[in-house]
There are 2 protein chains.
Amino acid sequence: MVTIADVARHAGVAPSTVSYVLTGRRSISSATKARVEASVRALGYHPHAGARSLASNRANVLALVLPMREGMHMPVLMQFVVAVANAARRHDHDVLLVTADQGAAGLRRVAGSAQVDGLLVMDVEMHDERVPVLRDLDRPSVLIGFPADAAGLTCVDLDFAEAGSRCVDHLADLGHTYVALVGAPRAVYQRDTGFAHRTMAGFSAAAMRRGVSSTTLPTETDHESVRVAITGLLERHPAVTGLVVHNEAALPSVVEVLRSLGRKVPDDVAVIAICPDDQAERLMPPLTSVAVPAEQLGHHAVALLMAKLDRTPTPPLTLLPPRLTERASTTR
Amino acid sequence: MVTIADVARHAGVAPSTVSYVLTGRRSISSATKARVEASVRALGYHPHAGARSLASNRANVLALVLPMREGMHMPVLMQFVVAVANAARRHDHDVLLVTADQGAAGLRRVAGSAQVDGLLVMDVEMHDERVPVLRDLDRPSVLIGFPADAAGLTCVDLDFAEAGSRCVDHLADLGHTYVALVGAPRAVYQRDTGFAHRTMAGFSAAAMRRGVSSTTLPTETDHESVRVAITGLLERHPAVTGLVVHNEAALPSVVEVLRSLGRKVPDDVAVIAICPDDQAERLMPPLTSVAVPAEQLGHHAVALLMAKLDRTPTPPLTLLPPRLTERASTTR
DNA sequence: GCCCGGTTTCGAAGCGCTTCGACTCACCAC
DNA sequence: GTGGTGAGTCGAAGCGCTTCGAAACCGGGC
């Protein structure tokens, strides 16, 4: 193994000088700097991560806490994971995966052992058992999602309430008077996941405000369940002419079922999805949608965490404004 | 921060004794052991990971190298990730995520900095740029998948050739004389991904051997592409009565398109999927399938890597035998 | 010619752990 | 009794890095 002492010898300087070149924590003359950098390359030197973390008290690793729960949509989840990993790398950090089957103990372990400098927590429930743990951990954390009590925490999320509301507004503006929210699987609501609740709240409130009738139903993701759910919905509420779908996995089936029922989109039924843009674009017809900006959220969360690590003050709550893109599924 | 010295003082022993209790590398009297363990709990001690890795030359972390490429199916990928993470934890290791947008340099970095003890590499291509790097890294690695030249490497995978072959056999046994392979998206073949090629090879060879006619077509994942592809397939090859689908994302659409074309499954067309069991079960009708045992593969890969870390001899190549489960989509 | 301030570099301490050799006790065989 | 043995424990060295204080150097002003 090549050590900093080897590099120092090769470049004819002291080990501390090499360290300062690498970390940039003291000014070094450009001549020395160039010489050291050449030696680093020549020897193929990589600082020992453990030694560095021991001496500097920074591991340059972030924990990504990722529970795997029923009803979660993997493609979207994966977009988050990749966005976080890439953003972390841009800040010279790596990502340690903590799947939550280890629960709160896992958080204590990775934080307590100084394996990670900070934590990024996904799929936050309203009353999440991890929240109190995060509060008394000595490491900073950022939640993607909101618990019921966010005091003392830093959270980022899409403004799902506003997203639900914008969908209703768009439909109401187009003259629809009866709209339905096709929501996440029942399990997601049952465990009180913040984003599902907030979309529903925003949806219902906007319907009241705009004076349009509304109904909501949780929906499973398999095709057969979707068929039953949508068919039932349109039978019970024949006046429904606008659908807001907040369920990425069910989305293709919803479109397909409407087609097979002979309901033309958008002529008979308008459809708005709350999902990543690329998915909305790929369906036939392309769907008007409120984007779930997974990439942007991931980057933002990492940026906030890095700021906290730098002791820069950060806003406790960040709600990204929803962006609605009109496509073929709601045009008159 | 609580250090090993604090624990030692609290328990009235030397730091080295605490270390031996924790690592189990020397025998310790049960009385002392109990006392130390009580102190560890009382003080909430977690060994500093960096210090440990520096002193012992082991980080207890595995890298999971995960390229994100076109045409990959996220749910299956995620199953692997979770299986690997859980298996690693059972061996007292954590998982560091390396998304491959960093390419070979990323591997060099995490291995060179002693951040990880070993590497798990996914989505291996036939001529993968990472393979030569892995060979000259000083850390052990296990590939999930096979490159063209696997000399000097440890690889695990499902025996996809045999899987393709078993599907043909099953259909031939049922009397089918013209079968088609509905394969992965074109991009997957274009970048020479091992598993896609091997399935196709096994499929074609078995068709020859059994004397049944066969055809193959790559298939994109969106519904419309699937509709065009399947419709075209059945027009060009009207005698086809058996479909082998090796494309998880397209699977629901394939079933749906057959239904909408009025082809009954299994009466008009038999369908076998190569996909995780849970997906095959959830479709209507439930599909006969060869399981892609993501969980088992993940566990196996971790077990092999741990063995290599222990310097236990390991088989260079492991092919898990495919398991075909008969369900409603191929019953006569 | 000397002092002073700033810049650049050096040397040594120390981060928290593991590990090796050595020490201490019992205990047993002779 | 004495020597040998093995189990249990201790102490100190050292892993590779960062960081702090101090030394060395370089001009510029007097």
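Worth saying up front: this structure is predicted, and the values here are computed from it rather than measured. In what follows, chains are A, B, ... by sequence order, proteins preceding strands, each numbered from 1.
Within the 4.0 angstrom heavy-atom criterion, only backbone atoms of the sugar-phosphate kind lie near B:Thr23; the bases stay farther away. Residue contacts shown for A:Ser19 include a base, since a base heavy atom lies under 4.0 Å away. Residue contacts shown for B:Ser16 include a base, since a base heavy atom lies under 4.0 Å away.
At a cut-off of 3.5 angstrom, counting only N and O atoms as typed in the model, there is a donor on one side and an acceptor on the other between the side-chain of A:Tyr20 and the base of D:dC20. The base of D:dG8 lies outside donor-acceptor range of the side chain of B:Ser27, with no N or O pair under 3.5 Å.
Take the nearest nucleotide of DNA chain D for B:Ser30 and for A:Pro15: the residue whose nucleotide is more 5' is B:Ser30. The 5' end of DNA chain C is approached more closely, in terms of each residue's nearest nucleotide, by A:Ser29 than by the other of B:Val2 and A:Ser29.
Taking CE of A:Met78 as the start and NE2 of B:His73 as the end, the distance is 12.0 Å to the nearest 0.5 Å. In this structure, CE in B:Met1 is found 8.0 Å from CG in A:Asn57, a value given to the nearest 0.5 Å. Going from atom CZ of A:Arg69 over to atom CZ of A:Arg191 covers 5.0 Å, rounded to the nearest 0.5 Å. Distance CG/B:Asp117 to CG/B:Asn60: 6.0 Å, rounded to 0.5 Å.
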- Query: Going through the checks in order, is the salt bridge (charged side-chain N to carboxylate O under 4.0 Å, His left out) test met by B:Asp136 and B:Arg108?
  - Reply: CA-CA 10 Å; B:Asp136 72 34; B:Arg108 287 230 158 74; 3.5 Å; yes

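Using a distance-only test at 3.5 Å, with no hydrogens or angles considered, a donor-acceptor pair links the side chain of B:Arg139 to the main chain of B:Val116.
A salt bridge does not link B:Asp92 with B:Arg58: every distance from a Lys NZ or Arg NE/NH1/NH2 to an Asp or Glu carboxylate oxygen is 4.0 Å or more.
Summarising the geometry, the separation between NZ on B:Lys33 and C1' on D:dG8 is reported as 14 Å, rounded to the nearest angstrom. To the nearest angstrom, P of D:dC15 lies 12 Å from CG of A:Asp6. Going from atom CZ of B:Arg26 over to atom P of C:dT19 covers 10 Å, rounded to whole Å. When the P atom of D:dA24 is taken as reference, atom CD1 of A:Ile28 falls 18 Å away, rounded to whole Å. Rounded to whole Å, the distance from CD1 on A:Ile4 to C1' on C:dA12 is 14 Å. As a whole-Å value, the separation of B:His48 NE2 from C:dG14 C1' is 13 Å. Following rounding to the nearest Å, A:Asn57 (CG) and D:dT19 (P) show an atom-to-atom distance of 9 Å. A straight line from CZ of A:Arg25 to P of D:dG21 spans 15 Å, rounded to a whole angstrom.
Set against D:dC17, C:dT19, C:dG16, the side chain of B:Ala55 has C:dG16 as its closest nucleotide.
A rotation axis mapping the C1' atoms of four pairs onto the next four is fitted at both ends of the helix from C:dG1-D:dC30 to C:dC30-D:dG1 over five pairs, and the angle between these axes is 60° to 10 degrees.
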